[in-house]
Amino acid sequence: MTEPTPGWYKRAVFYETPVYAFGDSDGDGIGDFPGLTARLDYLQWLGIDCIWLLPFYESPLHDGGYDVSDFEAVLPRYGNVENVVAFLAAAHERGLRVITDMIVNHTSDQHPWFQAARQPGSPTRSRYVWSETPDRYPNARVIFIDTQDSNWSWDPVAGVYYWHRFFEHQPDLNFDDPWVRNAIKDVVRFWLDKGFDGLRLDAVPYLYERDGTNGENLPETHEYLKELRAMVDEEYPGRILLAEANQWPEDVVPYFGDDDECHMAFHFPVMPRLFMALKQQRAGAVIDILARTPPIPATAQWGIFLRNHDELTLEMVTEQERAYMYAQYAPDPQMRKNLGIRRRLAPLLDGDRRRIELLQSLVLSLPGSPFLYYGDEIGMGDEYLLEDRDGVRTPMQWDDSPSAGFSPADPGDLYLPLVSAPDYAPATLNVAAARSDEGSLLNRIRRLIAIRSAHPAFGLGDYFAVTADNPAAMAFLRRAAGEQILVVANFSERAIRTSLALAEPAHWVDIGPNRPDTWSTGSAFELVPFGCRWLTAASDGVD
Ligand code: NOJ
């Protein structure tokens, strides 16, 4: 077990991976816990601090495992609870922490809770949400618009409609039933007892339904989170709750409560704006959304990310911005999914190292803790024609062998095909090749992670926007415990000069990979195309 170090998550670099995608130890073509455990040395070498595991619980797998049929069992193809415990011990031995996904809002329709609740006259009917008619809660939007027409589906066994915010095979739990509230706490205890360092709370805005509302961010949801947090603080000090709340900044900030709800929450709106700013070659969209982000409690932390296992969501943009993003980043309509784009980072940026490094440098320096998505550190590609979001969930590419070092199985027997585009296929793009090439993207990202980790202000510091007179430039300070870091980024394809509205200190030194450059306050600040510089005050630690 790792020691409870308060605030560890604020300095941590997170790394998201599904168990099924990382390493297959038994040759069935599907990643498993022993396979993942065998790859921990790589993650330690990369310099990350905390792994985020996607759901690995018993599931019919109609939603990548977010459709859980037994919260306290491991899907046998991934291993068993002993394998999970051994994996956690091996991670902790290496100083790595691990958080896991906790699907609190819904279950699979195969879950015994639902199977029992739907029976005529069932005494447990109230564990789910039912209605005689499918017109209740009309203000609640449908999230999976490509496949669902309504949040209600008819259950022929129960003879009534049941409520689901996602797929029709994922009935929502009814948090008005105290049994449900307690049962979820017990699931949380079950996995924290096994040694997980925290939980990502999936789909957390939708726990309650109330007439006349859109069913998002309701006061009752915040009440429940306060109960959960009190329990975690009391029984598992040092473990964290991370909110997946795809909402506007002012609606996410309440998920931190008054330091009594979640420790962390993803900053969804900043993500598409990083991509937008890059195409516009103007920094304004990113600067503005951060200006619009209310302050958060001192112990709270944003999760900053570029891509994850879902579509690049375009829910937190205007309609006009969404149309722009689709036109720029998803010219083929098949690249679109729900309100988003099902592509990976590198292909989105045309494999352009400069633009990938710019966005990764920002993820590693914006206020919050960075979340990297497996494979993006080597610039992995996607297969967007695969079903649903599978195209961004293909096997990790370890080497150039037929199954990419992921599995002893034949390539045709893997859970999903390997990426096939020549520029992105394992023969060209893999960890082994990237590790041995000093100039690779992988080695560059590893270096950036090391620099971030060496400077507490990246994780702990406040955010202070610095005005730059060049619209392509974004500048800000991160300040904590006597350390000041200046970050200046250039969203344009041209080399730029900009003035920065900073009065002091007089001298700065680059700490990024392009050191030993310096900058004197008041002089023109220079950036290469898509450049991003990190600097510290030259006087830091001297006087
Ligand atoms: C959010 C998860 O990230 C996504 O993958 C899943 O489909 C939905 N929640 C529904 O569980």
Side-chain angles (χ1 to χ4, degrees), residues 14-21 52-71 75 99-111 113-114 128-129 140-148 151 153 162-173 175 184 187 199-207 215-217 221 241-247 252 255 262 264-268 271-272 303 305-316 336-344 371-374 382 384 386-394 416:
F14 289 78
Y15 185 96
E16 174 193 0
T17 186
V19 176
Y20 57 73
W52 156 25
L53 288 188
L54 267 57
F56 53 81
Y57 319 108
E58 191 82 59
S59 163
L61 294 184
H62 297 314
D63 179 16
Y66 285 91
D67 48 330
V68 180
S69 53
D70 184 346
F71 285 113
L75 192 65
I99 63 170
T100 184
D101 242 298
M102 191 60 36
I103 298 85
V104 285
N105 178 68
H106 47 267
T107 68
S108 159
D109 59 3
Q110 301 306 306
H111 197 294
W113 296 348
F114 186 73
Y128 292 85
V129 182
R141 68 194 163 115
V142 170
I143 296 167
F144 285 168
I145 52 170
D146 285 359
T147 49
Q148 310 296 306
N151 289 322
S153 284
Y162 62 94
W163 179 251
H164 54 89
R165 290 309 299 260
F166 296 94
F167 288 119
E168 77 276 7
H169 55 72
Q170 284 167 318
D172 275 32
L173 285 162
F175 275 78
I184 291 296
V187 175
L199 306 169
R200 168 194 182 264
L201 301 177
D202 183 67
V204 80
Y206 316 109
L207 301 191
E216 303 187 19
N217 316 320
T221 296
L241 300 175
L242 159 64
E244 189 225 4
N246 187 354
Q247 302 284 328
V252 182
Y255 285 90
C262 295
M264 296 188 71
F266 288 114
H267 200 311
F268 275 92
M271 182 275 295
F305 66 101
L306 294 169
R307 292 295 299 110
N308 61 23
H309 62 288
D310 288 328
E311 67 275 28
L312 188 168
T313 166
L314 297 174
E315 283 165 292
M316 293 303 123
R336 303 172 191 182
K337 187 72 202 164
N338 299 317
L339 280 187
I341 301 172
R342 50 178 180 176
R343 300 181 74 193
R344 262 193 185 262
F371 281 71
L372 310 181
Y373 185 50
Y374 85 97
D382 55 45
Y384 65 85
L386 292 175
E387 277 291 287
D388 199 3
R389 293 148 288 173
D390 283 351
V392 299
R393 301 173 181 180
T394 60
L416 283 176

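Below, all heavy atoms of this structure are taken into account, side chains as well, without hydrogens, waters or symmetry copies. This is a predicted model, so every value here is computed, not measured. Order of listing sets the numbers, starting from 1, for every ligand and every atom in it.
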Run the side chain to side chain contact (heavy atoms under 4.5 Å, CB included) test on L201 and Y255 for me, step by step, so that the C-alpha distance in whole Å, both residues' side-chain angles and the decisive distance to 0.1 Å come before the verdict.
CA-CA 11 Å; L201 301 177; Y255 285 90; over 6 Å; no

Quickly, which of I184, T221, V129 forms a side chain to side chain contact (heavy atoms under 4.5 Å, CB included) with F175? Name it, please.
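Answer after filtering I184, T221, V129: I184.
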
Does some side-chain heavy atom of H309 sit less than 4.5 Å from a side-chain heavy atom of Y66?
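The answer is yes, as the side chains (C-beta and beyond) meet within the 4.5 Å cut-off.
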
Quickly, which of E168, Q148, H164 forms a side chain to side chain donor-acceptor pair (under 3.5 Å) with S153? Name it, please.
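Result for side chain to side chain donor-acceptor pair (under 3.5 Å) with S153: H164.
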
Residues lining ligand 1 [heavy-atom distance under 4.0 Å, listed by chain and residue number]:
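Under the 4.0 Å cut-off, ligand 1 touches D63, Y66, H106, F144, F166, Q170, R200, D202, E244, H309, D310, R389, R393.
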
Can you sort out the partners of S59 under side-chain contact (heavy atoms from CB on, under 4.5 Å), two or more places apart, ordered by chain and number?
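Result, side-chain contact (heavy atoms from CB on, under 4.5 Å) vs S59: L61, D67.
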
Can the positive tip of R343 be found less than 6.0 Å from the middle of the six-membered ring of Y373, inside 45° of the ring normal?
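That pair does not qualify as a cation-pi contact.
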
